Novice: 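Dumping the structure here so I can ask a few things about it.
Only a predicted model underlies this, so the values are computations on that prediction, with no experimental measurement involved.
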Amino acid sequence: MGFLKNKTYIKLFIAIIILIIGITLRIMYMDTSLWYDEACSWFSAKQNFPSGIIHNLLTLDLQHTPIYFFILHFWIKLFGTSEFALRSLSVIFGILSIPLTYIITKKITSSTVQSFFTSAITAVSPLLVLFSVEIRMYPIAVFLVLLSVNFLIDFEKTNSIKSLISLIVTNILIPYTLTGGILYNLSLLIWYSIYLNKKNKNSYHLYIKGAIAEWICLIPYIALILYYAKLRKIFVIAHESNLTFIQIVDNIRNFFGTNLIQNIYWPASESYNITLLFTLLVIVPCVYFINGLIKSLKTDDNFIKTLTRIFVFNFFLAVLFSYLQVNVFTVRYILYLLIPFYILSVSGLFKYYGKKHSIIFLSLFILFSGLYTYKDFPRFKKVKSLALKTVRLESDKLGLGVDDIIIMPFGSDAPYYFRDLNSPRVFNFDFHKEARNPYNKRFYDDNQQNRMKNVNKYTVIYNSIQNNSVLSKAYTNTFYNEVTSTVPKGRYAVIALYDSDANSVVDIETLRKNLGGVWDLRKDFTIYFLQKYMCDTIALLNRNFVFVNSYKKDNYTFLIFQKQ
């Protein structure tokens, strides 16, 4: 009895150490600035509940579902809007995922050793730590999918109504939290139905009744997605890029490597430098984990095989929809697959390689993942600051205040760092969101809106480039009312151009010369239309302002104009 008691204490001690490490890494990463998407979360959540939040999603965001923003809204009321307060909501769910990983692994494998390893991987994974502090819906989606798997296992073992109801309720929450989470629901419905139909007809019929109730509750979600699809179809600008093979490779590498690519937030095209270190820290772990998943697909345990099929099929659905340009294939949108992949892969590794071999590999993987996560924090913090906060830091250096205005073609729709009363005002016209919406009355005249809905939208913009006038009367009036008439004489309007947006500052004749016809515009629309936007904005400034200076700082190029 004494031995068993000591053994229990040892297990508890290991579990506490794993949890402390996971908490420590996440708290360390909380001390960072916001980047654009996180500022958008703040902006949506601070609207009136629920109508203001819904209105913002339906008119500006046009891609997200509301549950996360509802929760963040009340979180802000309780804890405020500091970076630490905003991040803490996500961190809580990131931390809760660690013990939940242990519980699920133990239920699937009955192995304490495997459960400790999967929870330890979850605690130190660079990807999971990084996104556990994101002021976005991803950590909650990860937790909800894990919770769904937990209830699925319970239903599999007990066939109880309680477990089924818990499963269905959780599954309903997933797509309303993360738009792309519906792919998990779809994959689960397909593969678990096939499994149950062969195994147990009574369980199958019970599950199908629950699934019908689930999808009825998802009808508003489907209506919302169809609404988004309709509007995005006639958007002037679409962000979706063509799927490339390297994007698939990057996602696998980020999932299973001990370190991450430089640009973790968006599909990258960086070439790999295949060194010995890269092979050991990235390629070898990827081979091991993929092999573990393959073994779980071939296992004699039909339930584990079904679970593996659910998540592998979900991955391929994400690839398919990205290929069809419905979504962008980037790691944050499918982050909820990662922990189930770890659990199922570890199970396969132990069965295929044996206990000793697997323990050695996983121990090294955890060690190097943890070291990278710890050492990457300074770079991560710098990247976050460069993404949005730089503009505020520069405005302070320039001595700008409430009489001055800042124009940001990227990021002005979520001015988190200009929310205090003494800060410069941000001209709220984000090019990438506002200008791409043909229903935007601040940017397009009525006749332009009608033509973009009924004829080729590219022709409307092409004609505006060829004409010797600003894009529309609507934008001219908006600019005068919000910029020209609000800046006193002697004060400043500053254009802050993010990264390659600075290349869009060209004169109108150069734009026309480079633009051969409507086909050229269609092919590289974002580039040409941003150039037109910048031509018009600078032309409107030149009516009442004088250009003073331009310079580059970090990722931004600043153009300074003074009111005459």
Novice: Describe, in one word, how the ring planes of Phe289 and Phe365 are oriented to each other, choosing from parallel (under 30°), tilted (30 to 60°) and perpendicular (over 60°).
Specialist: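 Plane angle over 60°, so perpendicular.
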Novice: Could you tell me whether Arg419 sits above the aromatic face of Tyr416, with NZ or CZ closer than 6.0 angstrom to the six-membered ring centre and within 45 degrees of the axis?
Specialist: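 Satisfied, under 6.0 Å and within 45°.
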Novice: Ser347 side chain to Ile343 main-chain N or O, any donor-acceptor pair under 3.5 Å?
Specialist: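 No: the side chain of Ser347 does not pair with the backbone of Ile343.
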Novice: For Phe131 and Tyr265, take the angle between the two ring planes, folded into 0 to 90°, and tell me which bin it lands in: parallel under 30, tilted 30 to 60, perpendicular over 60.
Specialist: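 Phe131 vs Tyr265 ring planes: perpendicular.
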Novice: Between Phe256 and Tyr288, is the ring centroid distance below 6.0 Å?
Specialist: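 They do not qualify: ring centres at least 6.0 Å apart.
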Novice: Going by the angle between their ring planes, with limits at 30° and 60°, are Tyr207 and Tyr192 parallel, tilted or perpendicular?
Specialist: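 If you compare the ring of Tyr207 with that of Tyr192, the planes turn out perpendicular.
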Novice: Is the side chain of Tyr68 donor-acceptor paired with the backbone N or O of Arg136 at a distance under 3.5 Å, no angle test?
Specialist: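 Flag set: sc Tyr68 to bb Arg136 pair under 3.5 Å.
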Novice: Assign the ring pair Phe116 / Tyr102 to parallel, tilted or perpendicular, where the plane angle (0 to 90°) is split at 30° and 60°.
Specialist: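 Plane angle between 30° and 60°, so tilted.
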Novice: Taking the inter-plane angle between the rings of Phe329 and Phe315 on a 0 to 90° scale, is it parallel (under 30°), tilted (30 to 60°) or perpendicular (over 60°)?
Specialist: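 The rings of Phe329 and Phe315 stand perpendicular, inter-plane angle above 60°.
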Novice: Taking Thr101 for the side chain and Thr122 for the main chain, is one N or O donor matched with an acceptor at less than 3.5 Å?
Specialist: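 No, because the side chain of Thr101 does not come within donor-acceptor range (under 3.5 Å) of the backbone of Thr122.
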Novice: Measuring centre to centre across the rings, with the benzene-like ring taken for any Trp, is Tyr353 within less than 6.0 Å of Phe361?
Specialist: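 That pair fails the under 6.0 Å test.
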Novice: Can you tell me if Thr299 uses its side chain to pair, donor with acceptor, with the backbone of Lys295 under 3.5 Å?
Specialist: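 Here the side-chain-to-backbone pair does not exist.
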Novice: Using a 6.0 Å distance limit plus a 45 degree cone around the ring axis, check whether Lys77 lies over the aromatic ring of Trp75.
Specialist: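 Ring-cation test returns no.
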Novice: Does Glu38 pair with Lys384 as a salt bridge, N-O distance under 4.0 Å?
Specialist: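 Looking at Lys384 together with Glu38, the answer is yes, because their closest N to O distance falls below 4.0 Å.
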Novice: Would you mind reporting whether Ser193 and Ile208 have side-chain heavy atoms less than 4.5 Å apart?
Specialist: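 Result yes, sub-4.5 Å side-chain heavy-atom pair found.
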